[in-house]
Amino acid sequence: MSFDPKSHLSELLRAALASAAPGQKSADIVIERPRDPSHGDFASNLALQLAREIKTNPRQIAERLVHELPVSGWVDKAEVAGAGFINFRLAASAKSQVVKEVLERGPDYGKHVPMSPGGKRPKVQVEFVSANPTGPLHVGHGRGAAYGASLACLLTYAGFDVTREFYVNDAGRQMDILAVSVWLRYLDLHGEKMPFPPNAYQGDYVKDMAEQIRAAHGERYVHPAAAVLACVPPPEPDADAHLDGLIAAGKDLLGEEWHYIHQHALSEQLADSREDLEQYGVHFDCWFSERSLFDTGMVARAVAELEKRGHIYIQDGAKWFRSTTFGDEKDRVVQRENGLHTYFASDIAYHANKFERGFDKVIDVWGADHHGYIPRVKGALQALGLPVERLDVSLVQFVSLFRNGAKAAMSTRAGEYVTLRQLREDVGNDACRFFYMLRKQDQALDFDLDLAKSQSNDNPVYYVQYAHARVCSVLQQWGGEVKSLAAADLAPLASVRELALCARLREFPDMIESAARDYAPHAVAFYLRDLAADFHAWYNAERLLVDDEAQKQARLALAVAVRRVISNGLHILGVAAPEHM
RNA sequence: GCGCCCGUAGCUCAGAUGGAUAGAGUGCCACCCUCCGAAGGUGGAAGUCGCACGUUCGAAUCGUGUCGGGCGCACCA
């Protein structure tokens, strides 16, 4: 049976309240941890809140409450302080109790169990990264990936049944541009020279794919440059019309074989992203294809449903969704004049599908530049009669790269970017994942490449990992059976540092809960840094392997508990907990 | 012009539901290994929480205004 100080103190206060102020016995009781340790281990502002209601000096109320407080073996002292706070000091035994709990629950310490009687965990989906498969992932995707993966794991700890999903944008113009880019490079390899459009994909990976196709299929897809350019408008003045003309020429000349090039480019890029992410420790349960929404008719059905509900009108030959009804700044096209559906239309179908899959919560992790997109998506869900409050969008702000003190350009199209892969090779997976979590997601991040690399030894991740490795090292020298420590008598843990460390361990589940509620995995990184600091301070102040056997057992038990919580926390962040460094 | 995010120590950033003397890291200064890993620890200096009003017992936190920075306002995805 574990001991929870907050609920215990709250019960005590509830009892005191019933006799001190019966009229207010159902008031909210908040127990918080004071910042300043001299204010005790826990505090309540109950008297301050009651003061307004019952028009009495808060200090008087607090005095009365303390007087009526039932006696408890866990509480050493309850006193009135400041304007009317009630400060509690716990008995040492109440504080060190947490060590036992950590050792018993092990990898599950910090995990919340479902409160409902049926024990069913709410289903939540986290969709993140969802980068266009038109080139390598870059450092911006790296942030979204680190954030989404950590958030998903955090939510698992918080008691949710989590599904991680990647939405594959395998339909639409961007993929056609990639396919035509590959084809043009391929033609170039066969001596069919023509200017490569500046708004096509420039990266070397495009040439690599062209080379692969030549190696596998020789001249099969070759057409003379003159034939390709025959009906294509010139790049000036409309570069997009030129590019679309090239795409049309490709589809026309290649017929069914256009599909091969398109498919090859798609599967190559997707495989590359998937491998990159797996190496980064980011795993997805589901890769959801945008094209499948068209193939199964779901996009058309979604639009038809909106139409049936009277939210669609036709103007200039296009079908518009009246999103202004739901607070959007203007109405949006769902089906163009040429009959093709917009990306927005497939996104409506996609979100409707998410809801059909029965998630209690759907979380979209988007780049901050998509924030203007939120009202129209929520509006569409509302128009379809779906429970829109189940959708949360978490915006991840931009990553700006700084190299040699200057902001580096980053455009996939231009091929000027630093890939996630390069970044990982430079600073390492652990430092990379942790570095991203050192900043709140809605805060713009300046990633100084030179600094990240040169300071990699000062990176906070090593500080945390070092605490873990130190415990491992001590245990090795001790040479005893770690499991036996679960039975250790914790009474010798009495110093200020030891009890502070215990309090820190006690915070872990609360931290998980609030971080999960706020979708804020960065809180885990900050917590770990604090925990490691408490541990290092204790380690330097007191020896663990002392002669006194009881003392040694208790201290080792505490050290093992610290190691366990560090490892659980690092696991959430996708960072290794090494035994040696 | 309209909308969203942000403004906290020299620098980089935390600060849930409003709470007590606003905190870390880094940089700077002074110290600590014959002793479990010094990738560590101890102490010090460093602040008008952009600014101004307002709400109240109490505001970095909530409201209004204002200044400064970022992003977005497609029949692209």
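Not measured: the values here are computed from a predicted model.
Taking a pair to require two hydrogen-bonding distances under 3.5 Å in either a Watson-Crick or a G-U wobble arrangement, B:C35 remains unpaired. When both pairing distances are held under 3.5 Å, B:C13 makes a Watson-Crick or G-U pair with B:G23. B:C73 is paired with B:G1 under the Watson-Crick or G-U wobble criterion, all donor-acceptor distances under 3.5 Å. Within the shown strands, B:C51 is the pairing partner of B:G65 under the Watson-Crick or G-U definition, both distances less than 3.5 Å. B:G43: Watson-Crick or G-U partner is B:C29, with both key distances under 3.5 Å.
Heavy atoms of A:Lys319 sit nowhere under 4.0 angstrom from any nucleic acid atom. Residue-level contact check: A:Asn87 touches the bases, meaning some heavy atom is under 4.0 Å from a base atom. Residue A:Glu542 is classed as a base contact, given a heavy-atom separation below 4.0 Å to a base. A:Arg173 comes within 4.0 angstrom of sugar-phosphate atoms only, judged by non-hydrogen atoms across all strands, and of no base. At the heavy-atom level, A:Leu438 lies under 4.0 Å from the strands shown only through sugar-phosphate atoms. Using a 4.0 Å heavy-atom distance criterion, A:Phe85 is classed as a base contact. In this structure, A:Glu337 reaches the bases: a heavy-atom distance under 4.0 Å links it to at least one base atom across the strands shown. The residue A:His522 sits close only to the backbone: its heavy atoms come under 4.0 Å of sugar-phosphate atoms, none of a base. Counting any heavy atom pair closer than 4.0 Å across all strands shown, A:Ala318 reaches a base atom.
Taking 3.5 Å as the limit, the base of B:G3 and the side chain of A:His371 contain a donor-acceptor pair of atoms between them. Donor-acceptor pairing under 3.5 Å, judged by distance alone, is present between the side chain of A:Asn45 and the base of B:G19.
B:A46 sits 32 Å from B:G54 when the P atoms are compared, rounded to a whole Å. Separating the P atom of B:G23 from that of B:U55 is a span of 28 Å, rounded to the nearest Å. A gap of 25 Å separates the C1' atoms of B:C13 and B:A20, to the nearest Å.
Protein atom CG of A:Asp446 is 16 Å distant from nucleotide atom P of B:G69, rounded to whole Å. Atom-to-atom, CG of A:Asp518 to C1' of B:U61 comes out at 14 Å; the value is rounded to the nearest Å. The CZ-C1' distance, from A:Phe344 to B:G72, rounds to 16 Å in whole Å.
For the pair A:Arg470 and B:A38, the criterion of a side-chain N or O lying under 4.0 Å from OP1 or OP2 is met. For A:Gln477 and B:G37, the shortest distance from a side-chain N or O to OP1 or OP2 is below 4.0 Å. Between A:Tyr436 and B:C13 there is no side-chain polar atom (N or O) within less than 4.0 angstrom of OP1 or OP2.
Ring geometry for A:His370 against A:Trp366 counts as tilted: the plane angle lies between 30° and 60°, on a 0 to 90° scale.
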